[in-house]
There are 2 protein chains.
Amino acid sequence: MSAHSESEPALTMRDVAARLGVSPMTVSRALRGQRGIGEATRQRVLAEVAALGYRPNKRARELRSGGPNELIGLVVTNLANPFYSQLAVGLEQICVGYGARVMLGSTGENPATEREVVADLVDRGVDGLVVAPAGHDHSHLGGERLRDLPVVLAASPPMGIDVDCVLVDDFGGTREAGRRLVARGHRRIGFLGLPPSLWTGSERFRGYAVALEEAGIALDERYVSRHRGDSALAEEAARAMLALPDPPTALLTANNRNTVGALRALRDRAQDQEPVALAGFDDIELADMLHLPLTVVSYDPVELGRAAAKLLFERQASTAPQPPRRVTIATTLVDHPAPR
Amino acid sequence: MSAHSESEPALTMRDVAARLGVSPMTVSRALRGQRGIGEATRQRVLAEVAALGYRPNKRARELRSGGPNELIGLVVTNLANPFYSQLAVGLEQICVGYGARVMLGSTGENPATEREVVADLVDRGVDGLVVAPAGHDHSHLGGERLRDLPVVLAASPPMGIDVDCVLVDDFGGTREAGRRLVARGHRRIGFLGLPPSLWTGSERFRGYAVALEEAGIALDERYVSRHRGDSALAEEAARAMLALPDPPTALLTANNRNTVGALRALRDRAQDQEPVALAGFDDIELADMLHLPLTVVSYDPVELGRAAAKLLFERQASTAPQPPRRVTIATTLVDHPAPR
DNA sequence: ACCTGGTAAGTTATCGGTAACGTACAGGCG
DNA sequence: CGCCTGTACGTTACCGATAACTTACCAGGT
């Protein structure tokens with residue numbers, strides 16, 4: 001009666017074969033659409049398989065054939081970050097097209113955890129890995145360590161190893177945003193950024209610096225804050241900058257958290273104060289509903305995930321050793337007006 | 001030279017055993033910390049394993065032992081939805097504590113795809129499933145179909161099967177939001193909701209209806225719009241409602257997309273028009289930075305994921321058939337003031 | 001009739017690990 | 001000294017499927 005206690009003995013290929021009076025090999029061939037089996041027999045087998053609801057054991061199959069397991073590992077720091085969850089969406093989109101699934105691993109930005117997670121995924125037999133690295137040393141993703149599995153780095157180029165990677169145009173996007181602010185007449189432009197040790201941090205700062213240089217504006221360290229931290233820290237830094245004797249007339253923020261911090265810092269400014277322009281990397285949902293106009297550097301993380309998957313499957317397809325490739329996703333500058 | 005061509009023959013347990021002059025069984029016992037092996041031998045084995053960098057093949061282990069594979073399947077409609085990605089985060093947090101990993105599946109709200117994805121995950125040997133169901137018929141998640149694997153439904157109670165589930169307090173949260181609007185003196189309250197066929201749609205509407213009833217306000221169908229769709233559709237519905245002869249003075253939105261639609265509809269209202277209050281289910285990032293005050297029903301999807309994982313592992317631990325359990329996550333009402 | 005050649009099956013070995021069982025040897029005890 | 005018990009390990013079979021090889025059979029060519 002109770003569905004819990006039934007617990008079928010988990011139908012095997014032999015059972016199906018026995019019921020038909022054929023060998024398991026015949027069933028195997030029928031299921032895989034291999035040649036070497038008569039059409040009539042194949043139909044008989046498939047009918048019985050369908051009738052019994054038999055499903056082959058994938059693990060056993062992969063153990064013997066040693067072939068691809070149709071499994072991709074995704075290692076990110078924090079899936080709650082929309083950037084990574086959209087990356088996962090794109091990755092999965094392409095994977096299903098290849099009959100592959102995605103196995104997840106979170107590192108919490110801890111390089112030691114990342115090492116463990118990667119090792120575990122390899123042990124579980126992934127065919128490839130997409131890693132958004134937590135640290136700047138990537139040697140643990142090198143050849144032998146991973147049984148020569150293909151790896152694609154996301155959002156950060158490989159350091160010390162030769163693997164493919166997918167990147168956002170951090171430099172170009174930030175430079176364009178900087179140019180936009182300059183074009184609007186701003187000369188004192190504050191920068192709220194990330195530590196230079198991060199690739200994105202370094203590249204986005206470079207974009208800011210080049211935009212200034214192109215406009216013949218000298219870099220002023222008082223207008224630059226680069227820190228690893230949350231939006232509260234960014235807010236504090238923005239307030240400090242705006243409290244300078246000759247405060248910036250515009251802010252350029254290097255990511256989401258910094259943009260949010262800046263928005264909060266600008267939130268409660270009195271009406272009579274000079275308005276401060278804001279531009280930032282990463283789009284923000286409902287940016288058009290904010291209390292002030294916002295210019296953002298927008299891009300599609302889903303596309304990044306798709307690109308990573310494609311690199312992975314292409315490398316898996318060709319046995320010949322190819323040089324590492326690098327795909328960069330373009331950014332677009334979007335102006336969100338303020339309401340009313 | 002080239003790391004690509006080396007391609008080790010993938011060290012096996014037999015190799016380790018041969019190198020030590022012991023049997024594979026001894027290596028197996030040493031690795032699993034089983035008894036029946038001398039302490040000295042164990043140390044010798046572990047040393048060699050570490051020296052060679054040998055890692056056992058998890059698939060082979062699971063095939064033979066038939067035991068738990070330390071693998072949980074997560075099936076959602078769309079991981080780009082923050083609700084689901086945060087659910088995934090919570091699930092993964094608990095899983096790592098049990099040495100388990102999460103395998104992902106997206107259904108794109110298509111019940112047929114959901115069936116396939118679930119079947120595939122079962123074939124791949126998951127120990128349990130967390131499913132945010134796409135349809136309202138859950139019979140394909142019943143006992144035999146899944147080889148009696150434990151299943152936890154997320155955000156929707158089981159229909160036609162007896163399994164555990166984790167829910168948000170849809171009814172209570174919406175009622176509370178409705179009460180808040182009533183308490184502020186509103187009598188004409190519009191509702192932008194989801195189709196009644198969805199559990200959440202039905203429950204949230206019930207919360208709205210009860211809040212009105214408690215206040216002695218009659219339900220007016222002109223103030224109710226229930227549709228499945230994106231924020232553009234919601235915006236349209238909101239505009240239509242506000243164009244009524246005696247328009248609502250407040251709107252209650254049943255989810256994120258409806259709230260965004262309502263915000264857009266309210267975005268460009270002239271200054272001199274009567275302000276319309278807005279309350280909605282689901283919190284919104286930067287809600288305190290919007291152009292108008294917003295009250296939201298907030299809850300923690302990460303906690304929902306944790307709860308789902310706990311239900312799964314508890315059921316896995318006890319062999320005795322237990323009655324299905326239901327966990328409901330509380331909501332809190334949050335008032336976000338407008339800037340300035 | 002004899003020899004190919006192709007197709008349709010069955011047989012056997014194997015993937016990498018583990019359960020179940022067997023064996024050898026140590027020590028305890030009457 | 002013989003018997004029993006326990007521990008440490010080796011042997012074998014097996015998990016479920018498949019690669020590689022083998023066998024059975026039938027058609028067509030000479």
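We name chains A, B, ... by the order of the sequence lines, and we start the count at 1 in each one.
Between the side chain of A:Arg326 and the backbone N or O of A:Asp164, no donor-acceptor pair lies under 3.5 Å. In this structure, the side chain of B:Ser28 does not engage the main chain of B:Pro24 through any donor-acceptor pair within 3.5 Å.
Using a 4.0 Å cut-off between charged side-chain N and carboxylate O, A:Arg306 and A:Glu303 make a salt bridge.
Among B:Val163, B:Val327, B:Val166, the one residue that satisfies the side chain to side chain contact (heavy atoms under 4.5 Å, CB included) test with B:Val152 is B:Val166.
The residue B:Gly38 sits close only to the backbone: its heavy atoms come under 4.0 Å of sugar-phosphate atoms, none of a base. Using a 4.0 Å heavy-atom criterion, one finds that A:Arg35 contacts the sugar-phosphate atoms exclusively. Counting any heavy atom pair closer than 4.0 Å across all strands shown, B:Ile37 reaches sugar-phosphate atoms only and no base atom. Within the nucleic acid shown, A:Thr26 comes within 4.0 Å of sugar-phosphate atoms alone, with no base atom in reach, counting heavy atoms only. Note on B:Gln34: only backbone sugar-phosphate atoms sit closer than 4.0 angstrom, heavy atoms only; bases stay farther off.
Remark: B:Ser28 is in phosphate contact with C:dT18, judged by side-chain N or O atoms under 4.0 Å from OP1 or OP2. Between B:Tyr54 and the phosphate of C:dG17, there is a side-chain N or O to OP1/OP2 separation shorter than 4.0 Å. Using a 4.0 Å cut-off, no side-chain N or O of A:Arg64 falls inside it from OP1 or OP2 of C:dT14. Between A:Thr41 and the phosphate of C:dA9, there is a side-chain N or O to OP1/OP2 separation shorter than 4.0 Å.
For CD of A:Glu109, the number of neighbouring non-hydrogen atoms (other residues, nucleotides, ligands) closer than 6.0 Å is 12 at most. Other residues, nucleotides and ligands contribute at most 12 non-hydrogen atoms within 6.0 Å of the CZ atom of B:Arg19.
Rounded to a whole Å, the CZ atom of B:Arg59 is 15 Å from the C1' atom of D:dC15. Put simply, CZ on A:Arg55 is 17 Å from P on D:dG16, counting in whole angstrom units. For B:Leu20 and D:dC9, the CG to P distance is 12 Å, given to the nearest whole Å. Between B:Glu62 atom CD and C:dG16 atom P the separation is 15 Å, expressed in whole Å. With rounding to whole Å, B:Arg32 atom CZ is found 14 Å from D:dC9 atom C1'. In this entry the distance linking CG of B:Asp15 with P of C:dC15 reads 10 Å, nearest Å. Atom CG in A:Leu31 sits roughly 16 Å away from atom P in D:dG16 (whole-Å rounding). Distance CE (B:Met13) to P (C:dA19): 11 Å, rounded to an integer number of Å.
Taking the side chain of A:Ser65 as heavy atoms from C-beta on, and the options D:dG10, D:dG16, D:dA19, the nearest nucleotide is D:dA19. Closest to the A:Arg29 side chain, of the nucleotides D:dG10, C:dG17, D:dA20, is D:dA20. Among the nucleotides C:dG16, C:dG10, D:dA17, the one closest to the side chain of A:Arg61 is D:dA17. When the nucleotides D:dT18, C:dT18, D:dA17 are ranked by their closest atom to the side chain of A:Thr12, D:dA17 comes out on top.
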